[in-house]
Each structure stands twice: as structure tokens, then as C-alpha cells.
Number of protein chains: 2
Amino acid sequence: MARITIADIARRAGVSTAAVSYALNGRPGVSDTTRELVLQIAAELGWAPSSAARSLSGAYTETVGLVLARAPETLGFESFYMQFVAGIESELAARDYGLLLQVAPDVDAELRTYRKWRAARRVDGIVMVDPRVPDPRLDLLVGEDALPAVVVGDPSLSGGLTSVYTDDAAAVRSCVAYLAELGHRAVAHVTGPAEFGHTHIRDDAFAREAAARGLTVEVRRTDYTPEAGVTATRDLLARDRGAPGGVTAVVYDSDATAFAGLGVAAELGLRVPDDVSLVAWDDSPLCRAAFPQLTALSHDVAKYGAHVARRLFERMAGEPAASYRDQTPELRIRASTAPPALAG
Amino acid sequence: MARITIADIARRAGVSTAAVSYALNGRPGVSDTTRELVLQIAAELGWAPSSAARSLSGAYTETVGLVLARAPETLGFESFYMQFVAGIESELAARDYGLLLQVAPDVDAELRTYRKWRAARRVDGIVMVDPRVPDPRLDLLVGEDALPAVVVGDPSLSGGLTSVYTDDAAAVRSCVAYLAELGHRAVAHVTGPAEFGHTHIRDDAFAREAAARGLTVEVRRTDYTPEAGVTATRDLLARDRGAPGGVTAVVYDSDATAFAGLGVAAELGLRVPDDVSLVAWDDSPLCRAAFPQLTALSHDVAKYGAHVARRLFERMAGEPAASYRDQTPELRIRASTAPPALAG
């Protein structure tokens, strides 16, 4: 059978080939009625080649790639990624782009995905999250034939690529300053995996600000799972149980671990915030549904995703690489923080 | 410039074209060293066409599509979708497929996506979730030129397409029976959106089993957000506050709303499970990190996603449509349920 072209569809529909092209590509410029008619005829004729033809003509796949290099069992407990993806999608949908999402169990699998996308031009651009130190992915995102990319992370971690980032150090400082001003002297930081660059930035800012304010800090590392949050919090609070000199405030690097911490406090019979103050990051509807409501570092993650997508479209359109700071997470003070019982 | 072919790459690499094809398509059959060499040369030569060429030759896009038709702001509070996607990806990765994910703010946007995918053959197959009553998407998934699809939902909702489902009615019955046997007489069901078919199946099974056991039921509908869980639970419990004849057990259709319910109980000074029993669905690490740990209907959601993907590959390979029952969610009894204080 001869190949169906848009001219065939245009003839049958009684419209111009331009109108067919608009309709098939989901772009403005035709009425809804014409669009429906064209899509119906295209389907009837078995017209198929669009994305393939576009790719061969050196044009676009109309697809953006995102790899989440986390063990599948550690995904789904935080609101961050779904919100972030929803934000990206809001910009992609407006341009009729799709998101090719790959959950890679480890960095090697992620690298294989990048190589394949690059070799086969499966996507027009890449959103790279969770930059590591060092990050082998960056080597695949530079050079003449590299795909346009935006790194979601600090410019110091982006290897000269376009980056969109939040000032996590400033956010951490505001949080430590707040706890110090409440009168806390011994605080804990339940942080994230050591391989993520943002963990280093947060850890470092936390330690420096605490030292500058004369606070002692205990650090517990987690993989962001609720289980790890339970273990870390038990370890921090079971020993002291509110005794003098013990930890009186805990800052968590995720909402899921903070939630787990709230459960452990209840289990140990510690009152929040009377016996121990808790702070979550990121803020989420779960933080607001908790009792007491959790004080949290708040950031519009969907908006962040949308911002990243816009910068990627600029990059794909040939704009030079640059760094863009997104809104700094703000401390939302709720019911889970208060002066320590033994202070003042 | 002449088009780069796999023969050019084979010549330069000193290997067979078959080896190049294996390497570029990420399939077994070549050593890691050869694969690396081939990918490097392919990148150097600017080889690009694979997915495009495959599509034009009538072969595969090596992509599966999934649309989540929920408002972005309601995503990300439940562990279900990320776990489900991770499960799908585990099977796709083994076959070198990608997942094209679209978050559509409403059904119209989802329909546009399906039409586009069908007309342009952007994906080889579709995973359709959250079947509605009636569901306009089904019309686009039947007929000769329709894309192969698997509906994640009860066969009664799948319009004759391949379906993978859980026996939600049986799960609900086991939960109501358990509460009745504990001695509860007045229970509440905090359920999901009315437009989802599974909501009807669950609501209906809940009402029937409760009636058969002589229980009274209060129903509150939510959109699965924690906020809605808070409102529903306050409405149910604030009035009675454990008074005789009041609701003594609440069953939630999501983990996020159950979590919200736990917070409301604490806010109202009601002890869980002494004053009120709570049950969550689906089970998640958050349920196990809560205090008290939440009794929940438990289902391996990642495994469910993997099962769905395997059935889709069978369907894409030409197997006839059929229905496949996945594991029935099992009641995991934890610390949030007990006999009602006023019973016995």
C-alpha cells in the first residue's frame, strides 16, 4: 500500500496541508471541528509516520527525557518527584511535548539510558536531577553532539551546563537561625544520601551556621525512606528522652522522614513541640495534615519543575548555557516547633 | 553529508553489523567492551536515526505510554503511582523500552493525548489507569488501528480490552468482616472520587458487607488529598468524640487520607485505637512509620505495575485480549485497630 501523506488527508478533509499539519501536531491555527475531522481521517487512512518523519528530517522528537536514578523502592514516599514531574508536564503539554521517564535502579543504568538517548536521538533534551559528586553523567551531556540539558541543582554541580537551582544553603541557615533564636542548643540533622551534591551543600551550611551560633549538631544519614527516618529518630531521641543536654530539635531533609520522626516521638512518649521540635523539608500537604502540623521549608515544587522545563526549551532553541536561581525555600512556622522545655 | 549507517559504524569498529545493532539497541549478544566501542563510534560519527528508522519501517517506537489524568496538585501524596511506575519500568528496562508519561489535567486533555499517540504512532502500547464510568478513552482503544492497551482495572470496566485487576470487593469485605468481628457497629468509609470505577466497586462491596453484618455506615467522598482526609475525618469524629452510637472505626481508600485521619484523631484528643480504629488502603512505608502503625490493605504495587507491563508486551506481540487477576490486597493488622471501647 502506498504511503499515506498529509496531502492525502488534506484532499479527503477538504482543507489545506498546513491545516492538516497544525491539526496533527496539536498546534493552534485550526478550529476544533477541523482538528477532529483531520484526526478522524488520519486514523481512518492509517496515517502514522509523523514522529518518525520529523526525526528523519532532522527535526524534533517532541520528547524530553528524565531519568530518576533511585532504587524503585525508595520512590513514592516523598511528594517531591510527582509534583516536580507534574510541573514539567504543565509546560510540555502547552507545547505538545511528551516526557520520556526512566526509573534507573543505579547510575550505570542511567548512563546506559543517556548513551542510548544520545545515539538514537530519542529525546530533544534532558532534565538531569540529583547531581552527584563527581557525576559521570555530565561527561555525556557536553560536547558537540550532546543533547541539550538542564541540570536541576547548584551551578557548582552542573559542569557548566544550564542549571536551575534553589539556594539550599540560605534555606538551611534560616532554619538553624530560627531554632537558635528559640533557644535550642543541641540540634540534630537527619540528612540525605552522601552521593547527592545537594546533601553536601545542606550539610555544610547546617554545620557552619550551627557552629557560628554555638549549637551542637548530631547528624544522621538516611536514604530518605520512612524506615530510615524511624531508625535515625529513635537513635537520636530514645537515648536522651528529653534529658538535659539532649537533642531538643530535629531537622529532616525530606517530608517522609519528618513524618516518621513524628511517629517515633509519639511512640517514645515525647510531646511535639514541648519535648522536641521537628522541621520538615520539603513542605507538603502531608506536613499540613499532620498533628501537630509540621514546620517546614516550603517550596513550590511544581512551579520549580515548570521553570526547569522553560529553561530547557530555551536551551533547545539555542540559548547559551546559564544558571537560574529559583525561589529559595521559605520556613513556614507551624505547630511542631517551640522553645525547648528546659531553656530560659 | 551522507547518512551514517550501521555498516559505517561496523567498519570503523571492526565488528559485524549485527553486533552494532545489538549494541545500539541495548540488547544482549555483545561484550561490554564492544558495546562501549560501538556507542562511542556511533556518537563520534553522529549516528542518529534508530528510532526514526524503526518507526518508518513499520517497526517499533520502543515506547509505552501512560497518562495520569489527575489534577497535578492531587498527585504526589500517595505512594501508589510512583511505585506503580517503578514496577512498569522494571519490565520496560529489561526490554530496553521507555515510558512516555503524560500528566493530563482532565479527561479532555487525556483524550487529545490518546488521539495524538494513535495518529502519530508515538507509542507501541498504552497502559490505561483509573477507568471511569463511562470512559470515553475506551472508544479510542478499540478498532483496527487502535494501539494495543492494557486497562488497569476490573474487567467490568475495561470494555473488552485486556485488563489486569485486583479483587477490590473481596479486599473490602475482608476489612469490614474484621471490624465487625472486633465488635464495631458504626463504621465510616472515607472513599475516593465518584468518577472512578473502582470507587463504585469498593463503595458497593462496603455497603453490602456492612448491611449483611448489621453495621451502620457513614460515607465521605474525597479527592484523595490529605486536606480532604482532614475535612472528612473532622466531620465524622468531631461530632461524636467517642460518644455512644458514634463512629468507632474509619476505613480510608488511600494512605494519605488515613494519615490525615490519624492527625485529626490526635487533634481531637481521641486515642487510636482505644477511641477510634483506623484502616488505610494502600499500605505503604508511611503506614508502617506512623504511630500507632496503621492497619492497612496491603498490595505489592510495584509488582502490580510489572505484571501490567508483562501483559502489555504479550498484547503487543499479538496475544488476544484477556483479563488477569493480580494478588488481592490483604489486610495487615497493626496497632491502629482494636475492639471499640464501649463494646463488650
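Values below: all heavy atoms of this structure, side chains included; hydrogens, waters and symmetry mates excluded. Quick note on labels: first sequence line is chain A, next is B, and so on, each numbered from 1.
Counting all heavy atoms, side chain and backbone alike, A/Arg288 lies closest to B/Glu227 at NH2-OE2, 4.0 Å. Residues A/Ala266 and B/Phe291 share a closest heavy-atom pair of CB-CD2, 3.3 Å. Heavy atoms only, all atoms of each residue included: B/Met82 and A/Leu68 are closest at CE-CD1, 4.0 Å. Here the shortest heavy-atom pairing between A/Thr63 and B/Arg122 reads OG1-NH2, 3.2 Å.
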Practice problem: Could you go through the side-chain contact (heavy atoms from CB on, under 4.5 Å) check for A/Leu286 and B/Leu286 one step at a time? | Solution: CA-CA 11 Å; A/Leu286 279 176; B/Leu286 279 176; 3.7 Å; yes
Test side-chain contact (heavy atoms from CB on, under 4.5 Å) on A/Leu101 and B/Val85 and set out the steps.
CA-CA 9 Å; A/Leu101 178 73; B/Val85 165; 3.8 Å; yes
Margin query: Assess the residue pair B/Lys116 and A/Glu62 against the criterion (side-chain contact (heavy atoms from CB on, under 4.5 Å)); give the C-alpha distance rounded to whole Å, side-chain angles, the decisive distance to 0.1 Å, and a yes or no.
Written below: CA-CA 12 Å; B/Lys116 178 181 161 171; A/Glu62 293 187 332; 3.8 Å; yes
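Residues satisfying the salt bridge (charged side-chain N to carboxylate O under 4.0 Å, His left out) test with B/Glu110, not counting sequence neighbours, are B/Arg137. For A/Ala258, the side chain to side chain contact (heavy atoms under 4.5 Å, CB included) partners are A/Tyr252, A/Ala280, A/Leu294, not counting sequence neighbours.
To the nearest 0.5 Å, the span separating CG on B/Leu100 from OH on A/Tyr97 amounts to 12.5 Å.
In this structure, chain B has a heavy atom under 4.5 Å from the side chain of A/Leu39, while its backbone stays farther away.
Between B/Arg112 and A/Glu36 there is no salt bridge, since no side-chain N of the basic residue sits under 4.0 Å from a carboxylate O of the acidic one.
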